[in-house]
Each structure stands twice: as C-alpha cells, then as structure tokens.
2 protein chains.
Amino acid sequence: MVFDDIDRKLLSLLQSDSKQTNKALANQLNLSVTAVYERIRKLEKNGIVKNYVALVDKSKVQKDFVAFCHIKLVQHSQEYVVKFEREVNLLNEVLECYHLSGDYDYLLKVLVKDMSSFREFMVEKLTKIDHIGSTHSMFMINEVKHTTAIAL
Amino acid sequence: MVFDDIDRKLLSLLQSDSKQTNKALANQLNLSVTAVYERIRKLEKNGIVKNYVALVDKSKVQKDFVAFCHIKLVQHSQEYVVKFEREVNLLNEVLECYHLSGDYDYLLKVLVKDMSSFREFMVEKLTKIDHIGSTHSMFMINEVKHTTAIAL
DNA sequence: ACTGAAAGGAGGGTTTA
DNA sequence: TAAACCCTCCTTTCAGT
C-alpha cells in the first residue's frame with residue numbers, strides 16, 4: 001500500500017489519540033469526514049493499524065519495576081528455540097521479548113511490582129524454562145522515554 | 001484508588017481492544033452499560049488509563065529494523081544527564097529510553113528502516129549528542145513477543 | 001454503586017455533484 | 001474526492017433504587 005503525507009499525519013494523530021472523532025480529525029487534516037473515514041478504513045484493512053488499545057499507567061497499578069533480562073540458551077537447536085519462545089509468550093510479566101544478535105540470544109523486558117516479585121519471577125518462572133544457559137539482568141532506575149507511536 | 005476484580009477485567013479488555021462498545025463490555029462483565037461507563041470514567045479520571053492509541057504494524061510501514069543501544073555517558077553530572085535525556089526525547093527514532101543500573105547508563109530502543117538508516121541515525125543524531133562516552137548496539141533478529149498490556 | 005430510560009451525537013453507508 | 005443526508009447505535013446524562 002502507498003501512503004501519502006495525509007495518511008502519515010492521520011497515523012500520527014491516531015497514534016497519539018485514537019478517541020478523536022472523525023470530525024476532529026477532518027479539521028486537522030483539512031478533509032471531509034467521509035474522506036477521513038475512508039482513509040482510516042483503508043489503513044485498518046491493510047493491517048497498517050493493527051488495533052486500538054488503552055494504555056495503562058504502570059506506576060498507578062503497582063507495576064513499575066522494570067527489568068531487562070539477557071538470556072543465553074544452552075543450545076540453539078530448533079526444538080529448544082521454539083520451546084523457549086512459546087514459554088516466554090505465556091509469561092504475563094514479559095511485555096517484550098526479542099531474539100538478538102550479539103553476546104546473548106534474547107532480551108526480555110519484564111514488568112513486576114518490585115524486586116522481590118522479580119526474584120520470584122526469576123526463580124519460579126523464568127529459570128523453570130528448560131535450556132536457559134545464563135541470564136544477566138539490569139534494572140530500570142528511571143523511564144526517560146516511552147512511546148508506542150512510530151514516526152513516519 | 002482501589003480497584004476490584006471487575007476493574008481488573010475491564011482494564012484487561014480495554015488494553016486488548018479499546019474500540020469495544022460499552023455494551024459489549026457490559027455483556028462480558030455482566031454489568032449495565034452505565035455501570036461500565038462510570039467505571040471507565042473513574043479509571044480515566046484517576047489516570048490509570050492514560051490514553052487510547054492506535055497501534056501501527058511496523059513491518060507494514062517499513063520500520064522494522066530494531067536496535068538496542070547501550071549508552072555510557074562520560075560524566076554523570078546533573079547537567080549532562082538532563083541534557084542527554086532532553087535530546088533523546090527529541091529523537092523520533094527512539095521509542096524507549098531507560099536509565100539503567102549496571103555497566104551502561106542507558107538503554108535505548110531504536111526503530112528505523114534498515115541498517116543503513118541506523119548507521120545514519122548513529123552518525124548524524126545519536127553521537128551528535130554531547131557527553132556520550134561509549135555505545136554498544138544489538139540488533140533484533142526476530143520479535144518474539146510485544147504487548148502493551150499490563151497484566152493485573 | 002447499580003439499573004433503565006431518554007436525549008444528543010457520532011458512526012457507517014449511500015447518493016449526488 | 002467532497003458534501004449532504006440517512007438510519008442506526010453508541011455515548012452520556014438523569015432519575016430512581
């Protein structure tokens with residue numbers, strides 16, 4: 001799909017606030033309501049807009065201890081990798097997991113209540129997954145920036 | 001603010017799909033539409049729900065090269081830290097930035113088009129920020145998991 | 001804090017220009 | 001594309017429990 005500057009601006013608006021009415025969007029884009037409606041439909045249909053979500057303030061729900069865990073597997077056979085990735089997907093403390101280049105295989109972003117919850121997570125959940133060789137964790141001191149909006 | 005199991009379920013529903021109507025939410029929660037409406041208002045008013053956003057599929061907009069950059073500052077004076085954090089906030093390629101414990105000071109999640117865009121980002125933007133001592137970058141091979149939903 | 005009803009407004013689609 | 005118009009359904013308010 002090809003998108004122009006108006007689509008880009010529209011995506012930027014929707015990424016910052018998806019509860020705006022089509023009328024409000026139309027004003028900012030100098031378009032008619034119908035034109036905005038059609039463009040949004042197209043973006044959704046093409047899977048460019050995946051979905052709409054509410055963002056929750058983690059500090060307000062006692063989940064503001066963020067840890068980044070580097071993980072190395074003992075082996076890299078297909079079987080081990082698939083199993084590890086499936087298990088990680090089931091852990092709700094893990095918000096993000098990336099297979100990475102470099103010294104370690106994976107980077108996990110883990111969200112829990114506090115250090116003791118993190119300890120529990122490591123002992124009871126993460127290290128219970130087979131084939132984990134070594135881990136190295138770093139803790140967030142402060143969140144400097146966090147956005148879900150992709151600049152186009 | 002105190003929240004009960006219904007609020008938790010409501011937050012979970014809104015975090016997975018914020019475009020659901022209050023009626024649909026009411027059905028899932030066995031509540032009336034008004035009761036759902038009031039609960040959502042309370043969650044918004046208390047800042048628990050920060051905002052509502054559209055999530056864009058990065059692979060569909062040619063932005064699927066993800067890099068994690070560890071950064072060490074040459075000094076840690078208040079002035080350097082503040083300036084660095086302000087500059088980083090202005091870089092739209094940086095989706096996330098955390099001040100971390102450990103060997104490096106900061107971890108940045110950077111989103112660009114490809115390796116050559118990343119090179120450009122490093123040379124033209126990131127390393128133009130003063131006081132950066134050393135950097136160490138890792139590249140995403142595969143995204144195993146990525147959610148914005150906080151489990152409650 | 002919940003329900004149900006009722007008003008106002010936005011979504012979703014069609015037609016005309 | 002844009003604008004006018006429609007009907008439907010959702011949001012929001014209000015009275016009552």
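All chains are named by letter (A, B, ...) in the order of the sequence lines, taking the proteins before the strands, and each is independently numbered beginning at 1.
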Does a side-chain N or O of [X] approach OP1 or OP2 of [N] to a distance below 4.0 Å, or not?
X       : N      : result
A:Tyr37 : C:dG13 : yes
B:Asn22 : D:dC10 : no
A:Arg39 : D:dT1  : yes

Atom [atom1] of [X] and atom [atom2] of [Y]: how far apart are they, to the nearest 0.5 Å?
X        : Y        : atom1 : atom2 : value
B:Ile48  : B:Ile150 : CD1   : CD1   : 11.0 Å
A:Ile71  : A:Ser137 : CD1   : OG    : 7.5 Å
A:Leu107 : B:Phe68  : CG    : CZ    : 5.0 Å

In whole Å, I'd like the distance from the [atom1] atom of [X] to the [atom2] atom of [N].
X       : N      : atom1 : atom2 : value
A:Leu14 : C:dG11 : CG    : P     : 12 Å
B:Lys45 : D:dT12 : NZ    : C1'   : 15 Å
B:Lys23 : C:dG11 : NZ    : P     : 18 Å
A:Ile40 : C:dG11 : CD1   : P     : 8 Å
B:Glu44 : D:dT11 : CD    : C1'   : 12 Å
B:Gln20 : D:dT11 : CD    : C1'   : 16 Å

### Task
Would you kindly say whether A:Tyr52 and A:Glu44 are connected by a side-chain donor-acceptor distance under 3.5 Å?
yes
### Query
Does a donor on one side chain sit under 3.5 Å from an acceptor on the other, for B:Lys42 and B:Tyr37?
no
### Query
So, for B:Tyr98 and B:Tyr106, is the gap between ring centers shorter than 6.0 Å?
no
### Summary
Letter by letter from the 5' end, nucleotides 3-9 of chain C scores (B base, S sugar-phosphate only, - none; protein heavy atoms under 4.0 Å) BBB----
### Query
Using 30° and 60° as the class limits, which term best fits the ring planes of B:His131 and B:Tyr80: parallel, tilted or perpendicular?
parallel
### Query
Which listed nucleotide (C:dA1, D:dT13, C:dG13) is nearest to the side chain of A:Arg41?
C:dG13
### Query
Which part of the nucleic acid, if any, lies within contact of B:Lys19, taking any heavy atom under 4.0 Å across all strands shown: a base, the sugar-phosphate backbone alone, or nothing?
nothing
